Amino acid sequence: MLCSFRERLGVRTTSGAAVNSDRQGNGSGDAQDDGDSAFLAAYDPREFPAIAVTVDIVALTLRAGALHILLVERGGRPFQGAWALPGGFVRAGRESLDAAAARELAEETGLDATQLERVHLEQLGSYGDPGRDPRMPVVTVAYLAFAPDLPEARGGGDASSAAWVPVSALDLGGRCEGCTEPQGPERMTSQTFAEPDAARSRPPEQGPGHGIDGGGSVPRPADDAAAAEGRPGPQSLRPLAFDHARIVAEGLERARAKIEYTPLATAFLAEEFTIVELRGVYESIWGSPLHAGNFHRKVLSVPGFVESTGATAARGGARGGPRARLYRAGDARLLHPALLRPDREESVR
């Protein structure tokens, strides 16, 4: 264990005795330790401005054939009653950034440790503009997460409620109107929800367990649930808090770009899926219809993208005909050639 630990630190040695002999010979290590101890004993962190670190998660999933994002309604100030990304403060000295993101995601979705293993979670970026949080200087590290068939949202921590909201309902070009909290620089423009576009649902061609969202569950509309409780829902033009609109926009662009050159689109699906379902993922994330035949040909021409299971779907397509073949994710880490978005494909021709 000691050897592997040293290797992870980039220390290479063939003999622990040689290392000890070197340290005993010049004594520089002991002097360094004594100097550090004296420095730390006199060090006062209060001499520096206080700053906090948070994590925020852009969690995406497919529900009823449409791309949805997880949002929470803030139960406390600042921005009380506004919608925001799930997240919270990192438990300093007790957890890593990745652990904090996983904890916050679990609190809002109810996922246990085993279920979290199937969630793709990656760092999106860090955001620290002055004034992004009216309480104090706060740097947030944003994460991008997606997985198939994520459970119903539930408010955790200081969130009064949570909801899966169609991405098509987001107006990322609007401004926060009537916000009572201080607004920072121009990037701190909280956004509002527009009326959702009609969700473009795909036919349930593959039977139970093979819906486009990996499960076929249709959530109760968040506005209906909110109305039943006498409170506004996410479609009621509620603002996004802090600079979360910018984070959402960059998270969506990251997702759209990554499925061009990586096989991460398969992370939105069940373990076994059809090419039709995979096409539905691309159409939902890119927001553009794709030619069925061309897409099928391109996917099968990319080495390691998908591999056949040898089985077929439980039922045939909605128009009849033979049952579709089932595939699983292959071993490719990158897609070559890449699957370009229709607008980008036109530009490179």
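Because the structure is predicted, anything quoted here is derived from the model rather than measured.
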Exercise for review: Using the six-membered ring wherever Trp is involved, compare the ring planes of W286 and Y282 and label them parallel, tilted or perpendicular (cut-offs 30° and 60°).
Suggested key: perpendicular
Practice item. Measure the acute angle between the ring planes of F79 and F242, then classify it against the limits of 30° and 60° as parallel, tilted or perpendicular. Key: perpendicular
[X] side, atom [atom1]; [Y] side, atom [atom2] - distance, nearest 0.5 Å:
X	Y	atom1	atom2	answer
R323	T274	CZ	OG1	13.5 Å
W164	L62	CH2	CG	10.0 Å
L252	L144	CG	CG	8.5 Å
R135	R77	CZ	CZ	12.5 Å
S308	R325	OG	CZ	6.5 Å
E307	D331	CD	CG	7.0 Å

[Y] reachable from [X] in the ILVMFWY side-chain graph, under 4.5 Å edges:
X	Y	answer
V139	Y127	no
F305	L300	yes
Y261	L278	no
I57	V138	no
L121	V55	yes

Which atom of [X] lies closest to which atom of [Y], heavy atoms considered:
X	Y	result
A241	A84	CB-CB, 4.1 Å
L105	A145	CD2-CB, 4.2 Å
L339	F295	CD2-CE1, 3.9 Å
V248	L240	CG2-CD1, 4.4 Å
K258	E122	NZ-OE1, 2.9 Å
I259	L335	O-CD1, 4.1 Å

Distance-only, no hydrogens or angles: does the [X] side chain make a donor-acceptor pair with backbone N or O of [Y] under 3.5 Å?
X	Y	value
E283	L290	yes
R118	A270	no
S126	V141	no
T309	A311	yes
R254	L124	yes
S284	G65	yes
R74	P78	yes
R256	G287	no

Review point. Do V58 and H244 have side chains that get closer than 4.5 Å, going by heavy atoms?
Key: no
Review point. Below 4.5 Å, heavy atoms only, C-beta onward: do P148 and F268 meet side chain to side chain?
Key: no
**Study point:** Greater than 12 external heavy atoms within 6.0 Å of E271's CD
**Key:** no
Review point. Should R246 and D129 be marked as a side-chain contact (heavy atoms from CB on, under 4.5 Å) after you check the CA-CA gap, both sets of side-chain angles, and the distance that decides it?
Key: CA-CA 12 Å; R246 174 192 173 193; D129 284 356; 3.5 Å; yes
Point to revise | The single option from L97, L85, D56 passing side-chain contact (heavy atoms from CB on, under 4.5 Å) against Y143 | key: L97
Practice item. Give the C-alpha distance, both sets of side-chain angles, the deciding distance and a yes or no for side-chain contact (heavy atoms from CB on, under 4.5 Å) between V53 and T140. Key: CA-CA 6 Å; V53 178; T140 194; over 6 Å; no
Exercise for review: Evaluate the criterion side-chain contact (heavy atoms from CB on, under 4.5 Å) for residue pair V306 and F273; output intermediate values, then yes/no.
Suggested key: CA-CA 10 Å; V306 298; F273 52 85; 3.9 Å; yes
